[in-house]
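When reading the values below, keep in mind they use all heavy atoms of this one structure, side chains included, and skip hydrogens, waters and symmetry mates.
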Amino acid sequence: MSPIPDERPAVTLRGFRPSDVPFVSSIVADALHEHYDPSLYLSLSSEWPEGFLIAADSHDVPVAFLLGVSQVEREARILMFAVDRYRRAQGIGRLLMTTFFERCRDRGYARVTLEVRVSNATAIRFYTRFDYSVVDLLRNYYSDGENGYQMARPLP
Ligand SMILES: CC(C)(COP(=O)(O)OP(=O)(O)OC[C@H]1O[C@@H](n2cnc3c(N)ncnc32)[C@H](O)[C@@H]1OP(=O)(O)O)[C@@H](O)C(=O)NCCC(=O)NCCS
């Protein structure tokens, strides 16, 4: 008899460390087509360390992350969120998002916002599954001129 498959993603969630920067940068370059100075990750992580979640594999190498900040009172904003292309559709994004909601509740946040390219149908579908809805159209939001949607969801 074959063993029952383990449905849980084989990753561990932990906080961001400076040594994660090369791995996070490479996921960002591939998934989000952006290149940021390493100091950006360090400064953003210092503002709300619990809002920067890393999903690491069994060798402690980051394979996905979610970077949240808070710039508006009682609100969190997801600045970056990506899963390594070879680790998608394994529940890692769901694990990051649901854990992020817990971190937000710990701080008493009532709402989460994010921005997404209007062409990013996969991410929009993902966010809709997690009860986000479009609240604004952001014209020329991205550096290449593409429009964005601002999406938001309340945190009961
Ligand atoms: C969006 C993203 C983070 C989702 O992460 P993921 O680990 O692949 O998602 P999960 O495996 O946790 O899937 C969670 C749910 O979304 C659904 N889902 C994921 N990808 C999907 C797709 N392409 N089409 C339809 N549903 C999808 C899954 O079926 C799952 O639903 P379920 O739990 O009810 O079965 C990932 O696709 C990614 O990194 N994309 C590139 C970067 C990006 O676009 N980031 C967002 C920028 S704003």
Exercise. If we only count heavy atoms from C-beta on, is the T122 to N120 side-chain gap below 4.5 Å?
Worked result: yes
For this session: Could you tell me whether a side-chain N or O of N147 sits under 3.5 Å from a main-chain N or O of N140, the two making a donor and an acceptor?
Result: yes
For this session: Given side-chain contact (heavy atoms from CB on, under 4.5 Å), test Q150 with V116 step by step and report yes or no.
Result: CA-CA 7 Å; Q150 186 182 46; V116 60; over 6 Å; no
Seminar exercise, completed: Separation between CZ (R17) and CZ (F23), nearest 0.5 Å, reads 11.0 Å
Exercise. Can you tell me how far the CZ atom of F65 sits from the CD1 atom of I92, to the nearest 0.5 Å?
Worked result: 13.5 Å
Exercise. What distance separates E50 CD from W48 CH2, expressed to the nearest 0.5 Å?
Worked result: 8.0 Å
Exercise. With side chains defined as the heavy atoms from C-beta onward, is the minimum distance between T113 and I78 less than 4.5 Å?
Worked result: no
Exercise. Side-chain contact, heavy-atom cut-off 4.5 Å: R153 with V135?
Worked result: no
Problem set entry | V24 backbone acceptor or donor facing D20 side chain under 3.5 Å | no
Problem set entry | Heavy-atom closest pair, residues R105 and P156 | NE-O, 3.4 Å
Problem set entry | Set of side chain to side chain donor-acceptor pair (under 3.5 Å) partners for R77, sequence neighbours left out | Q71, E115, Y141
Exercise. Transitively linked via ILVMFWY side-chain contacts under 4.5 Å: M80 with M151?
Worked result: no
Exercise. How many angstroms lie between CG in L44 and OG in S39, if you round to the nearest 0.5 Å?
Worked result: 9.0 Å
Exercise. V72, Y109: one ILVMFWY side-chain cluster at the under-4.5 Å cut-off?
Worked result: no
For this session: Say whether, by atom type as modelled, one donor and one acceptor occur between the side chain of R74 and the main chain of G108 under 3.5 angstrom.
Result: yes
Problem set entry | same_hphob_cluster(V134, L138) at 4.5 Å side-chain heavy-atom cutoff | no
Exercise. Do F130 and L53 share a hydrophobic cluster (ILVMFWY, side-chain heavy atoms under 4.5 Å, transitive)?
Worked result: yes
Problem set entry | Nearest heavy-atom neighbours spanning A10 and R87 | O-NH2, 3.9 Å
Exercise. Do you know which two heavy atoms are closest between G148 and V118, and how far apart they sit?
Worked result: C-CG1, 4.0 Å
Problem set entry | Residues D60, R14; criterion salt bridge (charged side-chain N to carboxylate O under 4.0 Å, His left out); working and verdict | CA-CA 10 Å; D60 203 28; R14 60 166 173 80; 2.8 Å; yes
For this session: Give a yes or no on whether the backbone of L96 and the side-chain of T99 come within a donor-acceptor separation of less than 3.5 Å.
Result: no
For this session: Test V69 against F52 for side-chain contact (heavy atoms from CB on, under 4.5 Å), laying out the working first.
Result: CA-CA 8 Å; V69 296; F52 195 164; over 6 Å; no
Seminar exercise, completed: Correct closest heavy-atom pair for S46 and P49 would be O-CD, 3.9 Å
Problem set entry | Partner residues of D84 under the side chain to side chain donor-acceptor pair (under 3.5 Å) criterion, sequence neighbours left out | none
Exercise. What is the distance from atom CZ of F100 to atom CG of L13, rounded to the nearest 0.5 Å?
Worked result: 12.5 Å
Seminar exercise, completed: On a heavy-atom basis, the closest approach of Y86 and Q90 is O-NE2, 3.4 Å
Exercise. Mind checking whether L155 and F101 have side chains closer than 4.5 Å, heavy atoms only?
Worked result: yes
For this session: Tell me, please, which residues at least two apart from D30 pass salt bridge (Lys or Arg N to Asp or Glu O under 4.0 Å).
Result: R85
Exercise. Would you call R117 and E146 a salt bridge, using N to O less than 4.0 angstrom?
Worked result: yes
Exercise. Under 3.5 Å, is there a donor-acceptor pair between the side chain of R88 and the main chain of V83?
Worked result: yes
Exercise. Do L79 and V21 belong to the same hydrophobic cluster, where Ile, Leu, Val, Met, Phe, Trp and Tyr are linked whenever their side-chain heavy atoms lie under 4.5 Å apart, directly or via other members?
Worked result: yes
Exercise. Relative to each other, are the rings of Y132 and Y127 parallel, tilted or perpendicular (30° and 60° limits)?
Worked result: perpendicular
For this session: Any chance you could lay out the side-chain contact (heavy atoms from CB on, under 4.5 Å) test for I27 and L32, step after step, and finish with the verdict?
Result: CA-CA 8 Å; I27 295 169; L32 304 175; over 6 Å; no
For this session: State, without any angle test, whether E75 and S70 hold a side-chain donor-acceptor pair at a distance under 3.5 Å.
Result: no
Exercise. Using the benzene-type ring in the case of Trp, are the ring centres of F126 and F81 under 6.0 Å apart?
Worked result: yes
Exercise. How about S133 and T128: do any of their side-chain heavy atoms sit closer than 4.5 Å?
Worked result: no
Seminar exercise, completed: CD of E47 to CG of L42, rounded to nearest 0.5 Å, is 12.0 Å
Problem set entry | Working for side-chain contact (heavy atoms from CB on, under 4.5 Å), residues I124 and Y149 | CA-CA 9 Å; I124 293 168; Y149 288 129; 3.8 Å; yes
Problem set entry | Mutual orientation of the aromatic rings belonging to Y41 and F16 [parallel < 30°, tilted 30-60°, perpendicular > 60°] | tilted
